[in-house]
Amino acid sequence: MKNYRKQTNILLIAIFLLSGISCSDYLDLSPISTYNAGSFYQTEKDFEIAINGAYAPLRSLHSGDIINLLECRSDNIQDDPINSYDHNRVHRFQDTESTPLLSNVWNNFWILISRCNLILDNIDNASFQDENRKSYIKGEAYFLRGYAYFYLGFIYGGVPLIDGVKKVDEIKVTPRSTQEETLNFAAQDFSTAASLLPSEWSAKDLGRATKYAAQGMNARLLLFQNKHALAKPLLEEIINSSKYYLAEEYSHCFIDRYDNSPEHVFQVQFMSGDIGQGNSWVAKAVHEFVYDSLFPWGGVSGANLVSPTLYNAYENGDLRSKFNLRKGYTTLQGVVDTVSVFYIKYAQGTKPTSKSDYALNMPVLRYTDIKMMYAEVLNEQSYIPDGEAFSILNEVRNRANIAPLTSVTIPSKEAFREAIFQERRLEFAGEYLRWYDLVRSGKAMEVMNNHFKRTDEGGGGKYNMEEYQLIFPIPQRELDVNSDSDYMWQNPGY
């Protein structure tokens with residue numbers, strides 16, 4: 001099921017040997033990269049290895065960095081007053097262009113883009129025994145590049161659009177695009193990917209991007225742009241494909257034996273076995289002194305605390321609350337904490353031999369999200385009391401064991417919009433979608449500044465969000481490398 005990932009590191013070795021540069025040099029050149037591995041890509045086997053390597057940055061991003069960046073930006077997280085790790089500064093809106101976490105995320109997305117561009121620039125000149133496989137690899141590369149540009153545009157507001165192999169001097173004079181241009185470029189990549197990818201893979205290739213993964217990510221992007229009419233047919237096609245369905249139980253969405261099930265339209269793939277492809281995020285969710293059956297090796301010193309507002313937002317009897325969150329713990333020394341809340345939703349599957357080597361895949365796009373996006377689109381186009389949008393919302397609530405909602409308590413389009421965003425917060429807690437939802441709803445500043453008025457968030461007024469912080473700063477290293485302000489500039493306010 002996950003064996004295609006074992007070839008990932010072969011690509012890295014080949015790139016560094018062929019280009020004559022060290023790993024650190026290569027990272028320092030991203031996105032200004034010489035792309036010297038072009039001569040490596042000649043045969044069908046070369047491209048198989050190459051596309052496997054293109055997926056690799058997703059593991060780095062989704063075993064910590066992207067979650068620390070986007071989940072911590074939201075009101076799902078509580079401030080930890082005794083720590084000043086990068087993700088704590090992100091939560092407090094005190095991050096700057098020199099915050100390493102921002103550079104890590106930036107670098108990994110540009111590494112992903114560079115690998116995809118190498119594939120796309122060389123693949124048509126290669127000989128394939130199976131032309132369908134050539135199309136599929138191209139589709140995967142377009143999907144991954146679109147994925148990178150979507151998040152770069154969402155996070156940083158607009159970046160240079162590098163659509164092929166270029167020399168350093170060419171890249172340095174490629175100016176930043178606007179956020180809209182960057183997102184539109186990503187949308188086009190997703191559309192191209194959907195036209196090339198299969199609707200499903202055989203068992204040995206489960207986990208690769210499919211046509212429906214590309215359409216689903218494109219729909220997510222279009223909802224961010226409030227383009228509901230364009231998102232609707234994409235979501236409808238996924239739903240009508242009958243290839244996906246909601247997991248019977250909420251817990252099945254996050255236990256490794258259900259990886260790549262019909263609940264999951266796209267996941268980042270992980271594999272245990274001490275081969276460097278394990279998921280380390282599971283244990284990063286709790287403090288280092290938490291040891292119990294779920295966390296037999298403890299956690300980490302910089303764990304994220306979950307906010308009381310999220311903990312208290314679940315209705316009585318909601319099965320997601322107990323599965324997602326834990327309040328309180330007891331240390332090995334017998335110290336009892338009855339206040340702290342942690343995410344435990346990823347820790348309830350197979351226990352590996354170390355806390356950095358879980359086999360659990362990380363969800364990126366669940367079918368539940370497809371259905372809830374579709375309910376949102378239906379409501380935005382036409383509020384229908386107790387119509388299909390209500391049915392979808394209540395299907396999710398029914399799985400959580402909570403009462404359905406009706407037009408009596410949700411009597412308008414605006415009220416349904418509020419209800420769907422609230423349900424998304426509860427359903428996707430810890431899946432780094434809350435900040436995305438806050439920004440696109442137009443309520444990020446209102447929600448976060450109300451959040452910071454709480455006594456457990458600095459006593460009120462200690463932290464604050466300004467409008468310019470809807471996007472993050474461009475990392476300082478990129479400004480230093482691209483010293484010509486006509487091509488690379490800092491976001492206003494930073």
Side-chain angles (χ1 to χ4, degrees), residues 1-8 11 41 43-59 112 115-124 126-150 186-222 231 233-245 258-271 361-367 369-371 373-374:
M1 183 180 293
K2 302 182 181 183
N3 58 359
Y4 77 85
R5 295 190 303 270
K6 294 181 180 178
Q7 296 176 333
T8 297
L11 173 71
Y41 304 103
T43 69
E44 185 171 341
K45 182 65 174 179
D46 294 338
F47 285 95
E48 291 283 1
I49 295 172
I51 195 62
N52 289 343
Y55 282 94
L58 295 183
R59 282 200 298 276
L112 194 162
R115 293 179 186 176
C116 291
N117 282 341
L118 276 166
I119 292 169
L120 293 171
D121 272 26
N122 288 280
I123 193 168
D124 285 335
S127 176
F128 274 67
Q129 291 183 341
D130 183 351
E131 288 299 312
N132 284 333
R133 189 67 192 106
K134 177 186 283 190
S135 294
Y136 294 166
I137 291 176
K138 288 174 68 174
E140 290 177 276
Y142 277 114
F143 171 84
L144 292 169
R145 191 175 73 176
Y147 187 88
Y149 275 120
F150 172 25
Q188 184 57 56
D189 270 1
F190 284 140
S191 294
T192 303
S195 71
L196 295 168
L197 287 166
S199 59
E200 61 184 349
W201 291 92
S202 63
K204 70 182 181 66
D205 284 320
L206 287 179
R208 294 185 181 276
T210 64
K211 167 187 177 179
Y212 299 120
Q215 290 180 322
M217 288 304 302
N218 205 0
R220 179 179 288 176
L221 184 158
L222 291 168
L234 300 178
L235 296 167
E236 284 179 334
E237 186 169 352
I238 299 169
I239 293 169
N240 293 335
S241 74
S242 300
K243 293 187 180 299
Y244 304 96
Y245 52 80
Y258 299 104
D259 280 349
N260 299 313
S261 72
E263 168 73 29
H264 298 288
V265 183
F266 186 69
Q267 293 179 295
V268 175
Q269 305 288 301
F270 289 92
M271 181 185 295
N361 294 342
M362 289 301 289
V364 171
L365 182 63
R366 293 200 278 123
Y367 185 58
D369 195 7
I370 298 295
K371 295 291 293 286
M373 286 192 287
Y374 188 60

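All figures in this text were calculated on a predicted structure; none of them were measured in a lab.
Rounding to the nearest 0.5 Å gives a distance of 12.5 Å between OG of S191 and CZ of F143. Rounding to the nearest 0.5 Å places OH of Y374 at 3.5 Å from CD of E236. Between N122 atom CG and D46 atom CG the span is 10.0 Å, to the nearest 0.5 Å. Between the CD1 atom of I370 and the CD1 atom of I239 there is a distance of 7.5 Å, given to the nearest 0.5 Å. Atom-to-atom distance recorded for E200:CD and D205:CG is 12.0 Å, nearest 0.5 angstrom. Note: T210 OG1 to Q215 CD = 8.5 Å, rounded to the nearest 0.5 Å.
Here the side chains of K134 and F47 are not in contact, with every heavy-atom distance at 4.5 Å or above. In this structure the side chain of P57 reaches within 4.5 angstrom of the side chain of R115, judged on heavy atoms. Within the 4.5 Å cutoff, side-chain heavy atoms of I137 are placed close to those of F128. L58 has its side chain within reach of L144: a pair of non-hydrogen atoms, C-beta onward, lies under 4.5 Å apart. Looking at D259 and L206, their side chains never come closer than 4.5 Å, going by heavy atoms from C-beta outward.
Between A193 and A214, the shortest heavy-atom contact is CB-CB, 4.0 Å. Across G139 and L197, no two heavy atoms sit closer than the pair C-CD2, 3.6 Å. The two atoms that bring Q269 and Q267 nearest to each other are NE2-O, 3.5 Å, heavy atoms only. Here the closest heavy-atom approach between residue R220 and residue M373 is recorded as CA-SD, 3.8 Å. Closest heavy-atom contact between I119 and A54: CD1-CB, 4.4 Å. For F266 against G207, the heavy-atom pair with the smallest separation is CE1-O, 3.7 Å.
Under the rule for a salt bridge (charged side-chain N to carboxylate O under 4.0 Å, His left out), the partners of D124 that lie at least two apart in sequence or sit in another chain are K138. Residues meeting the salt bridge (charged side-chain N to carboxylate O under 4.0 Å, His left out) test with R366, sequence neighbours left out: E263, E427, E431.
Ring geometry for Y244 versus Y212: interplanar angle over 60°, hence perpendicular rather than tilted (30 to 60°). In this structure, W201 and Y136 have perpendicular ring planes: the angle between them is above 60°, well past the 30° mark.
Using a 4.0 Å cut-off between charged side-chain N and carboxylate O, E44 and R133 make no salt bridge.
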Worked verdict on Y41 versus I123 for side chain to side chain contact (heavy atoms under 4.5 Å, CB included): CA-CA 7 Å; Y41 304 103; I123 193 168; over 6 Å; no

Side chain to side chain donor-acceptor pair (under 3.5 Å) between D189 and T192, worked out: CA-CA 5 Å; D189 270 1; T192 303; 5.2 Å; no

Audit row: L234, F190, side chain to side chain contact (heavy atoms under 4.5 Å, CB included) steps and yes/no: CA-CA 11 Å; L234 300 178; F190 284 140; over 6 Å; no

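No hydrogens or angles considered: nothing links the side chains of N260 and R208 as a donor-acceptor pair under 3.5 Å. Under 3.5 Å, the side chains of N132 and S135 contain no donor-acceptor pair of N or O atoms.
Remark: Q129 CD is loosely packed, at most 12 non-hydrogen atoms of other residues, nucleotides or ligands lying under 6.0 Å away.
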